[in-house]
Amino acid sequence: MKRDFLSIADLNKEEIFEIISVAQEFKKGRYEKILKDKIFALIFEKPSLRTRVSFEAGIKKLGADTIYLSQQDIGMGKREAVKDIAKNLERWVDGIIARVYSHRTLEILSKEAKIPVINALSDLEHPCQILADLLTVKEISGELKGPLAFVGDGNNVCHSLILGFALTGGEIRVATPKGYEAKDKIIKKAKQIAEKTGAKIVHTYDPREAVKNVKFIYTDVWASMGQESEAEIRRKVFKDYQVNFELIKIADKDVKFMHCLPAHRGEEVTDEVLDADFSIVYEQAENRMWAQMGLLKFLFKEP
Ligand code: CP
Ligand code: NVA
């Protein structure tokens, strides 16, 4: 049976650790052309630097090839129904990697296509980002315990982080303004998983409380792609949630700063913090490629 990757919770704890360990091997240069002759369709309804390049580069390193399709090219759901796009693509390619506005689009692709579908970011989750982040945290601390504080918007990245920490049994604290919390259904699912893994998930409205003694502070933009019209109002709502030196000082003395990028310098994070030696944002970006190569090996392994 094909395996899709729409949510980080499509994997269990052992599978996440397996993918991270394969990614670490790949990063040492120990990889072969295990996906020779495969072709992947990369559908992007929104812009991307990291996700597109890290997938294209990683896929080519594993001996496969890619076809990039922008919204202008295929007009998913406009020029043609999502279902028909799935039913066509499965005739030519081996996997679909899609960045979409609505998570529902991924669910349709997954239901209708006989080939694996990978979420390259939706309004609900960004699971490929979080695989790379877990790899990065593991490289730095040798484990996945955290504690990690996510400060900002309860968005797609925040959702996948919560689920990722729930699955791997670490501690995550989330600080958001009122009205911008993570979705209830994500928290509910994460808490159910945490009952089995022993993970600790805490929400607060106070960023200072969230970052007390944490080893990792993570933030993301206040207005995600598609929310540009809300940017001005969000700048006001989120102004006390900026990650700056004042906030960093409350964390552990060896705290690391994380951001999925792209960053809006001077908004959710100051230049000083983003450019500091404790900022690991470019390690996260590099790890996108290794983690996704590990994911592809996992999804395409022979039964
Ligand atoms: N972090 C991330 O997904 O970056 P892109 O939007 O550039 O792909
Ligand atoms: N939350 C951001 C992440 C970008 C990688 C967005 O959805 O735009």
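Every number for a ligand or one of its atoms is a count from 1 in the order of the listing.
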(request) Return yes when His126 approaches ligand 1 closer than 4.0 angstrom through a heavy atom, no otherwise. (result) yes

(request) Check whether any heavy atom of Leu261 sits under 4.0 Å from an atom of ligand 1. (result) yes

Are there any protein N or O atoms under 3.5 Å from the N or O atoms of ligand 2? List them with distances, or say none.
unit_1: ligand 2; atom_1: 1 (N); unit_2: Asn155; atom_2: ND2; d: 3.3
unit_1: ligand 2; atom_1: 1 (N); unit_2: Asn156; atom_2: OD1; d: 2.9
unit_1: ligand 2; atom_1: 1 (N); unit_2: Asp220; atom_2: OD2; d: 2.6
unit_1: ligand 2; atom_1: 1 (N); unit_2: Ser224; atom_2: OG; d: 2.7
unit_1: ligand 2; atom_1: 7 (O); unit_2: Asn156; atom_2: ND2; d: 2.8
unit_1: ligand 2; atom_1: 7 (O); unit_2: Ser224; atom_2: OG; d: 3.4
unit_1: ligand 2; atom_1: 8 (O); unit_2: Met225; atom_2: N; d: 2.8

(request) To the nearest 0.5 Å, tell me how far Leu274 CG sits from Arg265 CZ. (result) 4.5 Å

(request) Output yes when the distance from some N or O of ligand 1 to some N or O of Pro262 is under 3.5 Å, and no in every other case. (result) no

(message) Check this for me - ligand 1, Gln129, N or O atoms closer than 3.5 angstrom, yes or no?
(response) yes

(request) Check whether any N or O atom of Cys260, backbone or side chain, sits under 3.5 Å from an N or O atom of ligand 1, and answer yes or no. (result) yes

(message) Salt bridge or not between Glu25 and Lys297? Use side-chain N to carboxylate O under 4.0 Å.
(response) no

(request) Return yes if a side-chain donor-acceptor contact under 3.5 Å exists between Asp73 and Ser70, otherwise no. (result) yes

(request) Between Arg50, Arg99, Arg288, flag the one that comes closest to atom 6 (O) of ligand 1 by a heavy atom. (result) Arg99

(request) Is it possible for you to check whether Arg52 lies under 6.0 Å from the centre of the six-membered ring of Phe44, through NZ or CZ, and within 45° of that ring's axis? (result) no

(request) Go through the side-chain N and O atoms of Glu181 and Thr176 and say whether any donor and acceptor fall under 3.5 Å apart. (result) no

(message) Quick test of your reading of the model: are Lys215 and Glu143 salt-bridged, counting only N-O distances below 4.0 Å?
(response) no

(request) Assess the pair His203 and Tyr205: is the distance between their ring centroids shorter than 6.0 Å? (result) yes

(request) Classify the angle between the aromatic ring planes of Phe238 and Trp222 as parallel (below 30°), tilted (30 to 60°) or perpendicular (above 60°). (result) parallel

(message) Could you check whether Thr136 and Glu283, counting side-chain N and O atoms only, form a donor-acceptor pair closer than 3.5 Å?
(response) no

(request) Identify, for atom 7 (O) of ligand 1, the protein heavy atom at the shortest distance, and state residue, atom and that distance. (result) Leu49 N, 2.7 Å

